[in-house]
Amino acid sequence: MSEATISENKNVYRVEGFSCANCAGKFEKNVKKLPGVQDAKVNFGTSKITVYGETTVEELEKAGAFENLKVFPDKSEAPSSTVNQIDKEVTKEAKIPFYQKHSTLLYASLLIVFGYLSQFVNGEENLITSVLFIASIVIGGHSLFKTGFQNLFKLDFDMRTLMTVAIIGAAFIGEWAEASIVVILFAISEAMERYSMDKARQSIRSLMDIAPKEALIRRNGQEMTVSVDHILVGDIMIVKPGQKIAMDGIVISGTSSVNQAAITGESVPVSKTVDDEVFAGTINGEGLLEVKITKLVEDATISKIIHLVEEAQGERAPAQAFVDTFAKYYTPIIMVIAGLVAIIPPLFFDGDWGTWVYQGLSVLVVGCPCALVISTPISIVSAIGNAAKKGVLIKGGIYLEQMGTVKAIAFDKTGTLTKGVPVVTDFYVLNDQINENKLLSIITGLEYRSQHPLASAIVRKAEEMNVIYSNVIVKDFTTITGKGIKGTVEGTTYYIGNPKLFKEVLSANFDNSLEDRITNLQNEGKTVMIFGTEKGILALIAVADEVRESSKNTIQKLHQLGIKKTVMLTGDNKGTANAIGRYVGVSETQAELMPQDKLAVIKQLRSAYGNVAMVGDGINDAPALAAATVGIAMGGAGTDTALETADVALMGDDLSKLPFTVRLSRKSLNIIKANIIFAIGIKLIALLLVIPGWLTLWIAILSDMGATLLVALNGLRLMRVKE
């Protein structure tokens, strides 16, 4: 079957009840064996499974019967009635108190307490004492044994198999009390592991709750409250002051400020007026807005972000791939070691069978790889969720890791280090006889008819200064190719253009002070335009692509973080490029580059520094972004291209998020490494206790449970990393 056909039969389901990463892997394996299923992939981070092929919810739940898994169609794939049912089920599940969910643990724990009381009163060999401990084992370990025995018969050796064998062995040698403690502590460990992962997943669930489920819509002259699932493109949405915006759209009436922190991470509300874009999940400020819907609910920016973050959390990072491979061989090896510990000392060194079988069982418990298996996914889920909340979309665990290893970063100039919008920076009137506003109105009246990109900067300048130019009547307007424009106003012919126009065409007199002023402006990276007549020069106008306020500080922080090389890449002339490069503080500036030249620079940086990041606008410079170790796109919030193509997207056009992303990545790498080393190290220390014969089931289960909890808590720290 072709890949296209398989993707057509793709269905996503939400899964409730995963107790561990190992169980998720087993469920995936079982689903792949179902008739009609070509492939399946479990995303443990978001508790979802993607199935390629034909199957039913009932079949999926049978595949997950070993863990009592509940399966629901994913919200994005299901009709509204099903979604409502899912919401009810999930809400009902969420409202159940922790002690009710795990009531069997409470009962089993009470039986252990009574067992120890009976041991104190009646003695260890008393029948009542043994029965109380056995009852605790059966009640507390019911689900464990159910899976463990199934695995044992199938010779499928996972952590539950290890625990089952250890508890059976402990029962055979009469260690009922310790066996019951092992069961309870293992169950508590699994419950805490599940709780920790749910806590990490909550970072994405909180994003899902941002956008309202209903909106006030005007259709056919009537206002009505409509579910977002039934809102159509072209509908008019009315958003009152203080309300959340339910859908993406364009403002057609009204002015307000909108808090976009949920989407872009911006802390300051953004002004919105007619023709501005607004996003679902953002909060309207003080004004009433009428918004024309431009996207269906499943295509909204917030929906795309959630979908991409969920996919990212499911992507296996290199560290996780290592752990998965390691765990695959680790469990069988532990069983072999446990068997050797149990039989070699009694057979060859006259050891006591009871003592060494007990030691072998303790090795099995120590060998349980819970802490190791959870060490990476919980860290990745926490970090990617935290980044998404702060306006940084990281597309996978691999990019999260790679960001921390970057040694050099290349920046596209226009739209990245600069705003990509030209502005008038200087306006010098050279003739005192003419009023500044009068001059600017004539200049704007001429430029208003021009198609040149710099003309818009002059029009904006006039509007900012409240200069009226609409009453300027221009006659005989002409474009002088490559040099400027001319037109007649009130009988006088005016020219606007570059210095070449006035030197070559008009033979204007340039004295030294004028030449120096023009040269200084050009050295600052500005484009100089001259305004005048055939008789002389009246004014100088300097226009530049304005540098972002955050660029200089961002470059400085990156150097402080140890980034060895920052390079600005641009197609601009060397004078402009060098001026901007010096101002923002990059290590090197490369100017007058074609797209293929930028690609060559990235390749050179990779050969010199290894891992390299490229920051661009997500549309241009595609080859360079693709060639970099990590491609980082600016302006993700309104740019589908950036969301889809970049490895990392800075949602609010905010370059200052870049140092935070590097720090988060490095902290994630450190925590993942620390978790893996700690999880393996504590096992080795516990195993070394076998040599003097000090290892007990108590020490074994406490080391396993303690490692699991510490690893989970350490991973959750990534949710609290601040900018």
Side-chain angles (χ1 to χ4, degrees), residues 74-78 80 83 204-219 223-266 268-285 287-311 388-393 395 617-619 633-646 649-654:
D74 184 41
K75 284 188 176 189
S76 59
E77 309 284 328
S80 299
V83 169
I204 298 307
R205 287 178 186 156
S206 62
L207 281 177
M208 293 177 183
D209 296 332
I210 284 172
K213 302 292 184 283
E214 294 178 330
L216 183 62
I217 296 295
R218 185 191 298 127
R219 280 184 191 161
E223 292 182 6
M224 61 190 85
T225 301
V226 180
S227 165
V228 291
D229 295 310
H230 300 130
I231 294 175
L232 306 173
V233 171
D235 278 344
I236 306 301
M237 175 174 64
I238 300 165
V239 188
K240 296 177 182 177
Q243 284 187 337
K244 278 188 177 181
I245 298 170
M247 303 282 284
D248 283 15
I250 300 291
V251 177
I252 59 168
S253 174
T255 301
S256 185
S257 60
V258 174
N259 185 337
Q260 299 189 156
I263 304 293
T264 65
E266 293 167 286
V268 180
V270 179
S271 295
K272 298 287 182 181
T273 187
V274 175
D275 292 336
D276 285 340
E277 191 174 12
V278 293
F279 306 109
T282 56
I283 303 169
N284 185 24
L288 180 78
L289 294 177
E290 291 189 8
V291 178
K292 186 176 182 180
I293 305 301
T294 55
K295 294 177 182 176
L296 297 174
V297 64
E298 61 267 23
D299 299 322
T301 301
I302 185 69
S303 300
K304 283 193 173 183
I305 292 170
I306 292 166
H307 174 68
L308 291 167
V309 171
E310 287 187 337
E311 281 192 339
K389 279 186 169 182
K390 290 182 171 62
V392 180
L393 177 61
K395 299 282 284 291
D617 62 7
I619 302 168
M634 297 286 288
T639 314
D640 287 343
T641 309
L643 283 172
E644 297 297 337
T645 60
L650 305 179
M651 302 301 295
D653 253 4
D654 189 354

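- Residue Thr255 holds its OG1 atom at 10.5 Å from CG of Leu288, rounded to the nearest 0.5 Å.
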Should Val291 and Met247 be marked as a side chain to side chain contact (heavy atoms under 4.5 Å, CB included) after you check the CA-CA gap, both sets of side-chain angles, and the distance that decides it?
CA-CA 9 Å; Val291 178; Met247 303 282 284; over 6 Å; no
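- With rounding to the nearest 0.5 Å, the separation of CD1 in Ile293 from CG in Asp248 is 8.0 Å.
- Annotation: the span from Ile245 atom CD1 to Ile283 atom CD1 amounts to 9.0 Å, rounded to 0.5 Å.
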For Val258 and Leu289, what are the C-alpha separation, side-chain angles and deciding distance, and is it a side chain to side chain contact (heavy atoms under 4.5 Å, CB included)?
CA-CA 10 Å; Val258 174; Leu289 294 177; 4.2 Å; yes
Would you please test Asn284 and Lys240 for side chain to side chain contact (heavy atoms under 4.5 Å, CB included) and show each step?
CA-CA 7 Å; Asn284 185 24; Lys240 296 177 182 177; 5.8 Å; no
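- Considering all non-hydrogen atoms of both residues, Ser256 and Gly285 come closest at OG-N, 3.4 Å.
- Between Met224 and Val226, the closest heavy-atom pair is CG-CG2, 3.5 Å.
- The main-chain N or O of Glu277 is found under 3.5 Å from a side-chain atom of Lys272 such that the two form a donor-acceptor pair.
- Rounded to the nearest 0.5 angstrom, Thr294 OG1 and Ile250 CD1 are separated by 5.5 Å.
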Taking it one step at a time, do Asp229 and Val297 satisfy side chain to side chain contact (heavy atoms under 4.5 Å, CB included)?
CA-CA 6 Å; Asp229 295 310; Val297 64; 3.8 Å; yes
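- Here the NZ atom belonging to Lys292 is positioned 13.0 Å from the CZ atom belonging to Arg218, to the nearest 0.5 angstrom.
- In this structure the side chain of Met237 never reaches within 4.5 angstrom of the side chain of Ile231, judged on heavy atoms.
- Between Leu296 and Leu232, the shortest heavy-atom contact is CD2-CA, 4.2 Å.
- Judged by distance alone, with hydrogens and angles left aside, the side-chain atoms of Asp276 form no donor-acceptor pair with the main-chain N or O of Val251 at under 3.5 Å.
- For the atom pair OG1 (Thr225) and NZ (Lys213), the distance works out to 15.5 Å, reported to the nearest 0.5 Å.
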